[in-house]
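Encoded as structure tokens, the structure appears first; notes follow it.
Numbered from 1 within each chain, the chains take letters A, B, ... in sequence-line order.
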There are 2 protein chains.
Amino acid sequence: MLEHKNHTLADQVFERLESDILSGKYARGEILVEMEICQDLGVSRTPVREALRRLQQEHLVEEHGKGLKVLGVTHEDLEDIMELRLRLEGYAAARAAERITDEQLKELKETLDLQEFYLTKHDSDHIKGMDSKFHELVYKFSDSVVIYDTLLPLHKKVQRYRKRSVENDSRAAHSVEEHRVIYEALAARDPKAAEAAILNHTQNAKKHIMKG
Amino acid sequence: MLEHKNHTLADQVFERLESDILSGKYARGEILVEMEICQDLGVSRTPVREALRRLQQEHLVEEHGKGLKVLGVTHEDLEDIMELRLRLEGYAAARAAERITDEQLKELKETLDLQEFYLTKHDSDHIKGMDSKFHELVYKFSDSVVIYDTLLPLHKKVQRYRKRSVENDSRAAHSVEEHRVIYEALAARDPKAAEAAILNHTQNAKKHIMKG
DNA sequence: GATAGTATAATTGTATACAATAATAAGAGT
DNA sequence: ACTCTTATTATTGTATACAATTATACTATC
């Protein structure tokens, strides 16, 4: 197995499989068989099964007689996801503007600065990483587990489609600029501005993502 | 163990625990220990563990050294849930209006009629059941797994707080009337009307639920 | 050659055994 | 009596063994 950040094997297996499904490494329709995963990762069936049950709960896989069928995220799913995000991101950002602390603001700024740095290096993998982190932080700083649990999974599921956007230099640059506007609104503790900024960002993101 | 609708023991354990947490049978902060559940339900640890991992994935419980702490749904969670629903239900209903089939419409009407029947009998448990089914059907008929997976968990989590609403005769009657308006809009395949009707219903539901 | 029925093998579902870890209790020293 | 250390116990994490189910392959019959 790979990394050891998350203690249990079951957690590691889950993250590995989730990532491989969301990145498209496992194709839609592919059948996952417990023992194959066990052999690939060198663990027993117990942690693999627990990971699979969690993936099932997230509708990333579904039962299929023998094995589990990979569902992944279709282009139609993507459209729905972006429609939901258009309706929710503003609320999350407005709440974050009302509640964000100075330390949290600092963490957000560091993420933003890093994203700008990677932009100058044309390092799209890290740009994408910082992009995801920025949004995850906004969800977190909205200080609502409901918002976090609802929006983070939606955001994660866009991952595979976001790749193209981020590899487009011009879009990546605009995206970082939009993040900065969001950050400024949060720093000013201005809920309305934050809502408007993130709505604009989400609309642009939708446009570019759906084109692909 | 109880019923046998869902084949595997793991599924049954999950539904039982989820229901007991959402209904408040397990108090917030309570510690769940695997073996106790095993003894209560007469099954081994394997299905119990799989159920617990799924509950964790839904943030209904969280790690706590020994055992899992029951999180349940707080009054603050409830406010967030209703805010998110206010922003999403309209989209779900509008989509359903565009896509609902005649059979689906019939199923929805049967649910609505049953709810009215139980209303005359003052059978609040069944009223609640039909209320939940009505909304679940709307999510389903929106024909988007993203909508379904996002809204159904939010709706489920209101369960415990909806009880009071439904036991209030006047509110229960108004709620059924609002359902009827939603149904009529769907039957007319009128997305805008459906959106307006469900928004109105959700606003009223929020008012009454938050009072409690 | 097609089809139904049966045997075989592969896969999942469940229980249990073992290992590792963390909490609690007991005991020694001050 | 208090605190630190150590032993014990309880609980979770992981692997494996067994049971039940379901798909696949084979054979017999038409």
Side-chain angles (χ1 to χ4, degrees), chain A residues 1-21 25-72 145, chain B residues 1-21 25-72 145:
Chain A
M1 282 294 299
L2 282 155
E3 311 166 28
H4 291 281
K5 280 177 290 189
N6 257 320
H7 37 329
T8 73
L9 288 178
D11 285 341
Q12 292 170 246
V13 173
F14 172 76
E15 295 200 358
R16 168 73 169 267
L17 292 176
E18 184 194 39
S19 162
D20 284 355
I21 291 172
K25 207 171 285 179
Y26 288 115
R28 185 176 175 78
E30 192 165 340
I31 302 297
L32 298 182
V33 173
E34 287 177 14
M35 278 309 295
E36 289 176 17
I37 298 168
C38 293
Q39 283 157 7
D40 285 357
L41 306 184
V43 299
S44 79
R45 283 177 63 210
T46 307
V48 169
R49 282 179 66 87
E50 289 180 9
L52 291 174
R53 290 296 90 79
R54 290 171 64 190
L55 292 172
Q56 229 174 329
Q57 190 72 8
E58 290 210 333
H59 273 103
L60 291 175
V61 302
E62 75 175 8
E63 264 185 285
H64 183 69
K66 288 291 149 83
L68 291 169
K69 189 165 65 176
V70 174
L71 294 176
V145 58
Chain B
M1 282 294 299
L2 282 153
E3 311 165 28
H4 291 282
K5 282 176 288 189
N6 256 320
H7 36 330
T8 72
L9 289 179
D11 285 341
Q12 292 171 246
V13 173
F14 172 77
E15 295 200 357
R16 168 73 170 267
L17 291 177
E18 185 194 38
S19 162
D20 284 355
I21 291 171
K25 207 171 286 180
Y26 288 116
R28 185 176 174 79
E30 194 165 338
I31 302 298
L32 298 182
V33 173
E34 287 177 14
M35 278 309 294
E36 289 176 16
I37 299 168
C38 293
Q39 283 157 6
D40 285 358
L41 306 185
V43 300
S44 78
R45 285 177 61 210
T46 307
V48 170
R49 283 178 66 85
E50 289 180 10
L52 290 174
R53 291 294 91 78
R54 289 170 66 189
L55 292 173
Q56 228 173 331
Q57 190 73 9
E58 289 210 334
H59 272 104
L60 291 175
V61 302
E62 76 175 7
E63 265 185 285
H64 181 71
K66 287 292 149 83
L68 291 169
K69 189 165 66 177
V70 174
L71 294 176
V145 59

Spacing of [X] atom [atom1] relative to [N] atom [atom2], expressed in whole Å:
X	N	atom1	atom2	value
A/Asp11	D/dG13	CG	P	9 Å
A/His7	C/dA22	NE2	P	9 Å
A/Glu34	C/dT12	CD	P	5 Å
B/Gln12	C/dG13	CD	P	13 Å
B/Met35	C/dA17	CE	C1'	13 Å
B/Glu63	D/dT12	CD	P	11 Å
B/Lys69	D/dT12	NZ	C1'	18 Å
B/Ile31	D/dA10	CD1	C1'	15 Å

Does the pair B/Asp11/B/Arg54 count as a salt bridge with the N-to-O cut at 4.0 Å?
->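 Answer for the salt bridge query: yes.
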
B/Ala10 to B/Ala51 - nearest heavy-atom pair and separation |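 Closest pair (atom of B/Ala10, atom of B/Ala51, distance): O-CB, 3.9 Å.
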
Listed nucleotide nearest any side-chain atom of [X], set [options]:
X	options	value
A/Lys66	D/dT16, C/dA22, C/dA10	C/dA10
A/Val33	C/dT12, C/dG13, D/dA10	C/dT12
B/Arg45	D/dT12, C/dT14, D/dT21	D/dT12

Do A/Arg53 and A/Gln57 come close enough that some side-chain heavy atom pair is under 4.5 Å?
-> no

Do A/Glu34 and A/Leu52 touch side chain to side chain, with heavy atoms closer than 4.5 Å?
->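 Yes, side chains in contact.
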
Please determine if a side-chain N or O atom of B/Ser44 lies less than 4.0 Å away from the OP1 or OP2 oxygen of C/dA15.
-> yes

Using only side-chain N and O atoms of A/Arg49, determine if any of them is under 4.0 Å from OP1 or OP2 of C/dG13.
->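 Indeed, a polar side-chain atom of A/Arg49 lies that close.
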
Testing A/Leu41, A/Asp40, A/Leu55, A/Thr46 for side chain to side chain contact (heavy atoms under 4.5 Å, CB included) with A/Val13, which one passes?
->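 When side chain to side chain contact (heavy atoms under 4.5 Å, CB included) is applied between A/Val13 and each of A/Leu41, A/Asp40, A/Leu55, A/Thr46, only A/Leu41 qualifies.
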
Could you check B/Leu68 against A/Gly65 and say which one's nearest nucleotide on DNA chain D is further toward the 5' end?
-> B/Leu68

